[in-house]
Participant: 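I'd like to ask you about the structure that follows.
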Amino acid sequence: MSWKTQANAIWRICYFYGFLALRRAPLLFIAIFLTPLSFLFFLYVVAPHSALPFGVVGGILFSALFTGNGMMNDCAYLRLERQLQQVFITSPLRPMSWVLGMALGELAWTIPALALFIFVLSLIVSLSPIAVLGLIGVVLLTWLLATSLGFLISTFFRQLREIWPIGTVVFTSLSVLPPIFYSLAAVPERVRWAAFLAPSTFASQLADRVAGLPVTAVPAIPALSSVPFEVIGMVALTILFTLMAMRLARWREP
Amino acid sequence: MEALVSRALSKTYRGSRGTVRALDAVDMSIAKGRLFAFLGRNGAGKTTFIKIATALLLPTSGTVELFGVDVVDHAREVREQIAIVPQEGKPFYHLTPREHIVEYLRVRGATGESAKNRAQEVLQGMGLVQYQDIPAMVLSGGLQQRTLVAMVLATEAPFLFLDEPTLGMDPFARRQVWEVIRRAARKGSTVLLTTHYLDEAEQLSEELSVIEGGHVLYQGTAEALKSKVHLEIRLQFEGGFTTQELASYGQVFTEHGRVTLLTTRGRVPELTQRALERKTAINVGPVTLEEAFLTLVGRTIEDEDAEAAP
């Protein structure tokens with residue numbers, strides 16, 4: 001199959017697994033933005049209003065990160081319960097085209113939530129078109145990183161029941177604990193560097209910057225809070241996770 | 001030309017509860033364009049073989065070649081030539097049967113127009129036309145299975161692996177699927193089919209293989225298998241005889257409360273005479289593939305049990 005045909009196949013998978021599913025089960029749309037919206041509502045009630053923009057940016061990144069959770073559960077479900085992954089990869093379709101199609105399908109489900117949060121952000125801070133493009137760039141990197149991780153994890157399980165708690169642990173650790181919904185300034189100065197152990201912190205710092213929100217310094221390692229480090233860190237981590245998914249994912253049972 | 005050749009193919013599963021040898025030095029070959037049935041009890045090794053041959057599972061040792069290409073070393077090339085109905089696979093819950101076929105064909109590289117035309121043809125052949133626009137989630141289990149099979153058969157891939165494709169289907173639907181499988185074979189596809197319906201294997205296959213405990217016990221035609229067991233006649237007794245007194249005549253088993261004896265042609269007159277003396281009705285007929293299969297596998301199990309006994 002040529003690259004053009006592979007690209008068309010990727011689009012078809014995204015269309016029938018993402019857009020068509022969303023059209024036929026609109027509840028998916030609500031389910032996806034309900035959690036970040038709940039966090040946002042909680043922040044709105046208990047935190048000072050200056051924290052609200054961080055919460056909205058958090059909602060954007062949470063939605064992008066949770067595509068990884070969806071990817072993990074869906075890929076495991078389609079492989080273990082429906083055996084459809086086997087049907088699709090025993091064909092001229094390249095296995096990585098299947099993964100990319102599925103990942104784009106997950107992104108398709110998230111588009112309404114992302115649009116909503118970006119719209120809300122534009123109401124509370126002044127967002128230029130360049131800033132919106134910047135946010136979209138951060139979202140795409142975050143989506144690629146999260147879905148690569150989600151797919152990679154999914155290939156190591158033989159039972160669906162085993163995978164659900166893993167998803168909760170991994171993606172909650174990536175999206176709620178690090179400074180996604182709150183500013184890095186809330187983390188004690190001495191341990192602020194530790195937040196960068198989570199790849200999502202890079203995304204959060206970049207997204208805060210792009211949205212024009214104040215970015216907190218890391219006194220222990222000042223370079224951590226510099227733009228080049230954040231950009232290089234985010235891109236490098238995305239490439240690393242993507243390569244890991246390509247190289248380490250189990251396409252064949254051992 | 002051979003479409004599939006396996007040489008000394010072995011697979012051992014290792015787990016916390018020990019090791020299981022699922023395939024043990026399996027040598028098998030399937031000629032191009034052949035409709036081939038793979039028979040065996042649950043856990044005999046059929047699905048393991050298919051998973052290895054479709055590059056979904058790595059063998060422990062041995063090789064499998066598909067159209068002369070090694071499955072382990074050249075998985076990508078092999079995958080371009082195949083399509084599989086996995087055992088107990090299910091379709092997407094939100095897609096209709098028509099969408100399943102069209103989208104799968106398009107993902108495999110077909111154009112929109114040809115995918116739609118082919119889908120219509122297969123939906124017709126599989127008796128799915130009246131369900132073509134109903135999402136799979138509201139279809140019955142049998143119709144869902146038919147959808148999955150239709151999606152794969154529509155590809156007319158050079159090699160079709162069908163792992164229990166008619167599981168859960170009614171007899172009418174099974175016959176429709178058989179016809180579509182035959183059509184694919186007529187157009188040149190090689191088909192490897194596993195099934196527990198022995199009538200299906202007999203109806204469809206040009207050649208078959210029987211596997212038990214990871215060993216291939218037999219490869220050849222259904223007719224040759226029946227003659228291999230050396231018991232060509234089936235006698236069913238409506239009472240009047242015990243299994244013990246018939247044991248010396250051949251293979252005896254009880255089915256639906258009736259004593260069934262598989263025996264040779266030469267013993268029939270004597271047994272008929274004895275049945276007449278006892279005023280017992282008997283049914284006489286040729287041994288079926290199912291009975292030949294049971295006899296072949298049953299003997300192997302008995303031999304293994306005898307060897308394992310202290």
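By convention in this document, chain letters (A, B, ...) are assigned in the order of the sequence lines, proteins followed by strands, and residues within each chain are numbered from 1.
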Participant: Check whether A:Tyr15 gets within reach of chain B through its side chain, its backbone, both or neither, counting any heavy atom under 4.5 Å.
Facilitator: side chain
Participant: Would you say that more than 12 heavy atoms from the other residues, nucleotides or ligands in this model lie under 6.0 Å from the CZ of A:Phe119, or not?
Facilitator: no
Participant: Passes side chain to side chain contact (heavy atoms under 4.5 Å, CB included), B:Arg108 versus A:Leu93? Steps please.
Facilitator: CA-CA 6 Å; B:Arg108 291 182 68 108; A:Leu93 179 77; over 6 Å; no
Participant: Which heavy atom of B:Val107 sits nearest a heavy atom of A:Ala9, and at what distance?
Facilitator: O-CB, 3.4 Å
Participant: If we define contacts as heavy-atom pairs under 4.5 Å, which of A:Gly101, A:Ala25, A:Ala21, A:Pro95 has the most with chain B?
Facilitator: A:Ala21
Participant: Roughly how far, to the nearest 0.5 Å, is CG of B:Leu56 from CZ of A:Arg79?
Facilitator: 10.5 Å
Participant: Mind listing the closest non-hydrogen atom pair of A:Ile89 and B:Arg79 along with its distance?
Facilitator: O-CD, 3.0 Å
Participant: Chain B: which of A:Asn8, A:Ile13, A:Leu20 shares the most heavy-atom pairs with it under 4.5 Å?
Facilitator: A:Leu20
Participant: In this structure, are over 12 heavy atoms from other groups packed under 6.0 Å from B:Gln124 atom CD?
Facilitator: no
Participant: Take atom CZ of B:Arg186 as the centre, draw a 6.0 Å sphere, and report whether it contains more than 12 heavy atoms from other residues, nucleotides or ligands.
Facilitator: yes
Participant: Give a yes or no on whether B:Lys90 atom NZ has more than 12 heavy-atom contacts from other residues, nucleotides or ligands under 6.0 Å away.
Facilitator: yes
Participant: Taking all non-hydrogen atoms of both residues into account, name the closest pair between A:Thr90 and B:Ile84 and its distance.
Facilitator: OG1-CG2, 2.8 Å
Participant: Search all heavy atoms of A:Leu84 against all heavy atoms of B:Met151 and return the closest pair with its distance.
Facilitator: CD2-CE, 4.2 Å
Participant: Specify which of B:Pro86, B:Ala75, B:Pro59 makes the most heavy-atom pairs with chain A at under 4.5 Å.
Facilitator: B:Pro86
Participant: For A:Arg94, is it the side chain, the backbone, both, or neither that has a heavy atom closer than 4.5 Å to a heavy atom of chain B?
Facilitator: side chain
Participant: Measure B:Ala157 against the heavy atoms of chain A and call it side chain, backbone, both or neither at under 4.5 Å.
Facilitator: neither
Participant: Please look at B:Leu148 and chain A and tell me whether the side chain, the backbone, both or neither of the residue comes under 4.5 angstrom of a heavy atom of that chain.
Facilitator: side chain
Participant: Please check this pair: side chain of A:Gln83 against backbone of B:Gln87, looking for a donor-acceptor N/O pair closer than 3.5 Å.
Facilitator: yes
Participant: Counting only non-hydrogen atoms closer than 4.5 Å, does A:Ile10 touch chain B with its backbone (N, CA, C, O), its side chain (CB onward), both, or neither?
Facilitator: neither
Participant: A quick test of your reading: do over 12 heavy atoms of other residues, nucleotides or ligands sit less than 6.0 Å from CD of B:Glu88?
Facilitator: no
Participant: For A:Phe16 versus B:His94, what's the shortest heavy-atom pair and its separation?
Facilitator: O-NE2, 2.6 Å
Participant: Has B:Arg182 got more than 12 heavy atoms of other residues, nucleotides or ligands less than 6.0 Å from its CZ?
Facilitator: yes
Participant: Please list, chain by chain and in numerical order, all residues satisfying side-chain hydrogen bond (donor to acceptor under 3.5 Å, both in side chains) with B:Gln81, sequence neighbours excluded.
Facilitator: none
Participant: Quick one: closest heavy-atom pair of B:Phe92 and A:Arg82, and the distance?
Facilitator: C-NH1, 4.2 Å
Participant: Do B:Thr155 and A:Ser91 have side chains that approach each other closer than 4.5 Å (heavy atoms only, starting at C-beta)?
Facilitator: no
Participant: Examine distances only and state if a side-chain atom of A:Arg12 and a backbone atom of B:Glu103 form a donor-acceptor pair shorter than 3.5 Å.
Facilitator: no
Participant: Above 12 or not: heavy atoms from other molecules or residues under 6.0 Å from NZ of B:Lys51?
Facilitator: no
Participant: Contact part of A:Gln6 toward chain B, heavy-atom cut-off under 4.5 Å: side chain, backbone, both or neither?
Facilitator: neither
